[in-house]
2 protein chains.
Amino acid sequence: MARTAGSHSQITGPRVRAAALKLFSDQGFAAVSMRAIAQEVGVQVGALYNYTRDKQTLLFDLMQSHMDTLLRAFEDNPQAAADARLQHFVTFHIAFHHDRPDAVFIAYMELRNLTPDNFARIETLRRRYEDRLEAILRDGVAQGAFDIVDTKITTLAIIAMLTGVNTWFRPEGRLSLVDVQTQYWDMVRKLVS
Amino acid sequence: MARTAGSHSQITGPRVRAAALKLFSDQGFAAVSMRAIAQEVGVQVGALYNYTRDKQTLLFDLMQSHMDTLLRAFEDNPQAAADARLQHFVTFHIAFHHDRPDAVFIAYMELRNLTPDNFARIETLRRRYEDRLEAILRDGVAQGAFDIVDTKITTLAIIAMLTGVNTWFRPEGRLSLVDVQTQYWDMVRKLVS
DNA sequence: GTCTATATAGTGATAGAC
DNA sequence: GTCTATCACTATATAGAC
């Protein structure tokens with residue numbers, strides 16, 4: 001879509017982020033040029049630098065924004081039964097990740113393209129999310145609801161299992177998302193019992 | 001390591017593959033230049049083309065070789081008890097993937113950098129491996145040893161869970177690989193019961 | 001805010017000398 | 001089999017016109 005000169009700051013910023021999200025997810029950060037992002041947005045390449053300091057910052061902002069959204073979206077209730085809290089985590093994780101496959105893909109695949117500083121910041125956020133799940137498992141063990149050898153390993157195993165749904169689930173497929181949530185909760189429930 | 005002109009076909013070929021494996025794993029296929037591979041090997045860039053038609057073929061050969069090795073390495077015994085076969089799969093998968101983290105990383109992360117034809121070939125091999133696990137689960141259900149709602153989903157969930165070990169396991173860490181194998185088998189065993 | 005033009009450097013791949 | 005030199009492009013980022 002060709003554009004002529006003019007002011008579009010209100011809409012161009014989000015469009016740059018959306019274009020980068022899509023292209024980074026499809027082709028990978030290193031394979032996507034600033035020119036390709038500009039073309040997707042419909043501006044010339046120079047205009048992008050009104051919205052990001054450089055390409056690295058663009059990637060970091062996308063990942064940080066994703067992790068912030070994740071941490072804010074998950075609401076745990078430490079007063080509830082551990083079983084209910086774990087079921088909530090499972091269904092939440094599957095639904096949240098299903099809703100934003102591009103951001104999830106980038107957050108897992110482009111870690112090595114972050115500068116060391118940026119990498120450390122994203123890892124801190126990821127750790128914080130894992131700790132939310134581990135707290136549930138620990139409380140469940142303390143209450144006698146769960147039988148778990150090592151809550152840290154179980155945390156990582158459950159998250160890997162749940163996140164894997166994104167690699168194969170298709171809405172037009174054999175199963176609905178609710179089916180998937182139900183089956184994964186069934187597996188997780190048995191895994192911690 | 002500087003080299004002068006001469007014949008080294010016996011050793012250069014494997015060195016090119018080893019260098020590409022390491023660099024693709026560390027930085028990603030798109031971020032690695034043929035010049036960087038040549039420098040790692042210790043030759044000039046033109047010499048690489050005696051060992052690969054182009055960069056894409058180099059990537060494909062690495063992934064195909066990894067999947068071939070995986071399929072040949074896993075030996076199932078359909079006569080044995082489903083429980084023992086599943087335990088063997090779990091310990092095998094963890095050990096095999098632990099032994100070659102670079103190849104595993106590439107096989108999962110660089111799929112989108114394959115041409116459509118090459119992608120289809122790798123996917124066929126991956127599917128074949130998944131089918132080996134699903135056959136075990138199916139037989140176990142038929143024998144009444146396992147209680148599984150959907151063998152396909154359970155297959156994908158188990159593989160995602162096991163492969164996730166590579167993202168965090170460090171030999172110098174708190175747990176030995178045998179500890180990890182034991183704990184994952186414990187989780188998988190409960191998951192299918 | 002967006003444009004065009006440009007600086008500077010790097011890319012994959014090939015040709016031909018040795 | 002490896003080297004050097006080169007082609008034709010593409011890359012990120014910036015400067016200054018409008």
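Note that the structure is a prediction, hence the values are computed from the model and not measured. Below, chains carry the letters A, B, ... as their sequence lines are ordered, and counting in each starts from 1.
For B:R35 against C:dG10, a side-chain-to-base donor-acceptor contact under 3.5 Å is absent.
Between A:N50 atom CG and C:dC3 atom C1' the separation is 11 Å, expressed in whole Å. Whole-Å rounding puts the A:K55 NZ to D:dT14 C1' distance at 17 Å. For A:R15 and C:dT2, the CZ to C1' distance is 14 Å, given to the nearest whole Å. Between the OH atom of B:Y49 and the C1' atom of D:dT6 there is a distance of 14 Å, rounded to whole Å. Atom C1' of nucleotide D:dC3 and atom CD of B:Q39 are separated by 16 Å, given to the nearest angstrom. As rounded to whole Å, 13 Å separates atom P of C:dT4 from atom CG of A:L48. Atom CG in A:L58 sits about 14 Å away from atom C1' in D:dA13, given to the nearest Å. A straight line from CE of A:M34 to C1' of D:dT14 spans 12 Å, rounded to a whole angstrom.
Hydrophobic cluster membership is shared by B:F96 and B:V104, with clusters built from Ile, Leu, Val, Met, Phe, Trp and Tyr side chains linked at under 4.5 angstrom.
Each of A:G46 and A:A36 lies near DNA chain D, and the nucleotide nearest A:A36 is the one positioned closer to the 5' end.
Using a 4.0 Å cut-off between a side-chain N of Lys or Arg and a carboxylate O of Asp or Glu, B:R112 and B:E123 do not qualify as a salt bridge. In summary, A:R138 and A:E134 engage in a salt bridge, as defined by a charged side-chain N under 4.0 Å from a carboxylate O. Under 4.0 Å is where a charged nitrogen must lie from a carboxylate oxygen, and between B:D83 and B:R189 no such pair does.
Phosphate contact (OP1/OP2 of D:dG1, side-chain N/O of B:Y51, threshold under 4.0 Å): absent. One finds no side-chain N or O of A:T12 lying less than 4.0 angstrom from the OP1 or OP2 phosphate oxygen of C:dG1. At the phosphate of C:dT2, neither OP1 nor OP2 sits under 4.0 Å from any side-chain N or O atom of A:Q44.
Counting only heavy atoms from C-beta on, A:A47 has its side chain closest to C:dC3 among D:dC3, C:dC3, C:dA13. The side chain of B:S33 has C:dG12 as its nearest neighbour among D:dA13, C:dA13, C:dG12.
Within 6.0 Å of atom NZ in B:K22, 12 or fewer heavy atoms from other residues, nucleotides or ligands are found, so the atom counts as exposed in its surroundings.
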